[in-house]
Amino acid sequence: MQNESLFNFKKVKELITEAENICLITHFNPDGDAIGSSLGLYHILVDLGKKVNVVVPNEYPDYLQWLPSNTYVLRYSLQKDITKEKINSSDLIICLDFNELKRTGILFEVLETNKSKKILIDHHPYPQDIFEVQISDTSVSSTAELVYETVLNCGFEKNINLNAATCLFAGLLTDTVAFNVNCSNPRTFEIAAKLMSFGLNKEDIHRRLFDNFSANRMKLLGYVLSEKLTILPEYCTAYMWLTAEELEKFNFKMGDSEGFVNYSLSIKGIHFAALFMEREDHIKISFRSRGNIPTNKIISTHFSGGGHKNASGGEEFKLNMEETIKKFVSILPEYSDVLKSCN
Ligand code: 5GP
Ligand code: MN
C-alpha cells in the first residue's frame, strides 16, 4: 500500500460503525478478486454484527462458486427486484474492484439514482469522484489485499475468520495469477502469510481456482494456441481470436477462456498479448503486457475499455472481428518504441 496516511480510514470506520445495512457491490463479469474481496469483507462485516448483502451485476464462472457464503450473493441479472430493494434500502454501499459506477454494467441503472453513502475500495487507476471515501491504490496486488489493509487500519482485524481469510486469499491468488504477476511488493506476501495463519488450505484454494476447468476448455485452449496464435515479432506482440462459431463448437461456458491471453506472454520476446472473442453484439478484448507497455492507455485510446497498465480489457461494439483485428494491427507502429523497449 502507498503511504497509509493518504487514506481516510477513520471515516471508513465511522461509516461502517454507523451503518446497519451494508451492500457490497462488484463490477460486471465479476472475477476472482471481485468475488473474493466482497465475500471476504462480507464475513468480516457479518462478524461485526452488520446486515450485509453482496450484490453482483451478473453471473460468474463455476470455479468461483465454492467460496464460503457464495450462495448468498445476489445476481442483479437473475433477481432484479430483490437486488434493487436491497441496494436502495442500504445505508452504506461499499464498491469493490472497480473505479467508476459504469463498470457495473446493467446495475448502473440502479446505482446512478441511488443516494446511499458510498465507499470505494479498489486498485484501478482514475477513480470516479463520487465516493464519500476512496481507498484507491494502484500499487497493491488486488482489491483483496486492500480490503485486508482497510480492515487492519479500521481496527477490525479481530473480526477476520477462516471464511474471510479464504475469500481474501482467493482474490489475492486470482489477481496475481498465483503469485506470478502484480506482486513485487513484499507486503503482498506478508498479507498472504497473515491470511494463511487462519488455517486456510492454500493448495486446495489453488486447485479450486486454477485446476477446476472443463475438458472442453482445455480442448479450446489447445485449438486457439495451435490454430489461432498470430505472432508479430517486429512489435513483440502476439494475438489470438475466437469467433462465435468456434466457441459454440467447443461448447463454450462463461470462464472457459480465463487465462488464455496470458499464454502468449510465455513466448520469448513477446511483451504484448491480445485476445479477441466474438460475443453476441460486440468483440470482447483482453490485453496483457510486460514492463512499461500501457495496455490500459492503448485500449482506452483506440477501443472502449480500461484497467491496469499490464492487464486491461474492453468491448468493441462498432467493428466486427476482422475490422477489430485490422485496427489493432494498424495501431502497433504508434507504440513501436515502447513495445520494443522490453527486449
Ligand atoms: P480481462 O481481460 O480479464 O477481462 O480484464 C482484465 C482487466 O481489465 C480487468 O481486471 C479490468 O480491470 C479491466 N477490464 C476488463 N474489461 C473491461 C471493460 O470492459 N472496461 C474497463 N474499463 N475495464 C475492463
Ligand atoms: Mn482486481
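Atoms within each ligand, like the ligands themselves, are counted from 1 in listed order. By convention here, the first residue in the shown sequence is residue 1.
- Scanning all protein heavy atoms for the shortest distance to atom 18 (C) of ligand 1 gives Arg103 NH1, 3.3 Å.
- For atom 4 (O) of ligand 1, the closest non-hydrogen atom of the protein is Lys284 NZ, 2.9 Å.
- Atom OD2 is the N/O/S atom of Asp33 found closest to the Mn ion (ligand 2).
- Under a 4.0 Å N-O distance rule, the pair Asp81/Lys84 does not qualify as a salt bridge.
- At least one heavy atom of Arg288 sits closer than 4.0 Å to an atom of ligand 1.
- Donor-acceptor pairing under 3.5 Å is lacking for the side chains of Asn310 and His308.
- Within His123, the N, O or S atom at minimum distance from the Mn ion (ligand 2) carries the name NE2.
- Side chain to side chain, Ser90 and Asn21 fail the donor-acceptor criterion of an N or O pair below 3.5 Å.
- Near Gly306, the atoms of ligand 1 lying under 4.0 angstrom from a non-hydrogen atom of the residue are 8 (O), 13 (C), 14 (N), 20 (N), 21 (C), 22 (N), 23 (N), 24 (C).
- Taking 4.0 Å as the cut-off between side-chain N and carboxylate O, Glu100 and Arg103 do not count as a salt-bridged pair.
- With 3.5 Å as the limit, one finds no donor-acceptor pair spanning the side chains of Asp62 and Asn212.
- Side-chain atoms of Asn114 and Asn88 include a donor-acceptor pair closer than 3.5 Å.
- Checking Asn99 against His123 by side-chain atom types alone, no donor-acceptor pair falls below 3.5 Å.
- Between the Mn ion (ligand 2) and Asp122 there is no N/O/S contact shorter than 2.8 Å.
- Evaluated by nearest non-hydrogen atom to atom 2 (O) of ligand 1, the leading choice among Gly314, Ala34, Ser286 is Ser286.
- In terms of protein heavy-atom proximity, atom 17 (C) of ligand 1 is closest to Gly313 O, 3.2 Å.
- Lys50 and Glu20 are not joined by a salt bridge, as no carboxylate oxygen comes within less than 4.0 angstrom of a charged side-chain nitrogen.
- Cation-pi geometry between Lys194 and Phe189 is not met: the NZ or CZ atom fails to fall both under 6.0 Å from the ring centre and inside 45° of the normal.
- Taking 2.8 Å as the threshold, Asp97 counts as a candidate ligand of the Mn ion (ligand 2), since one of its N, O or S atoms lies below it.
- Note on Lys11 versus Glu14: salt bridge recorded, some NZ/NE/NH1/NH2 to OD/OE distance being below 4.0 Å.
- Distances from the Mn ion (ligand 2) to the N/O/S atoms of Asp175 are shortest for OD2.
- Neither the backbone nor the side chain of Glu258 has a heavy atom within less than 4.0 Å of ligand 1.
- Counting heavy atoms under 4.0 Å from ligand 1, residue Ala311 touches it through the backbone alone.
- Under the 4.0 angstrom criterion, atom 7 (C) of ligand 1 counts as having a protein heavy-atom contact.
- For a threshold of 3.5 Å applied to N or O pairs, the pair formed by His124 and ligand 1 contains at least one separation below that value.
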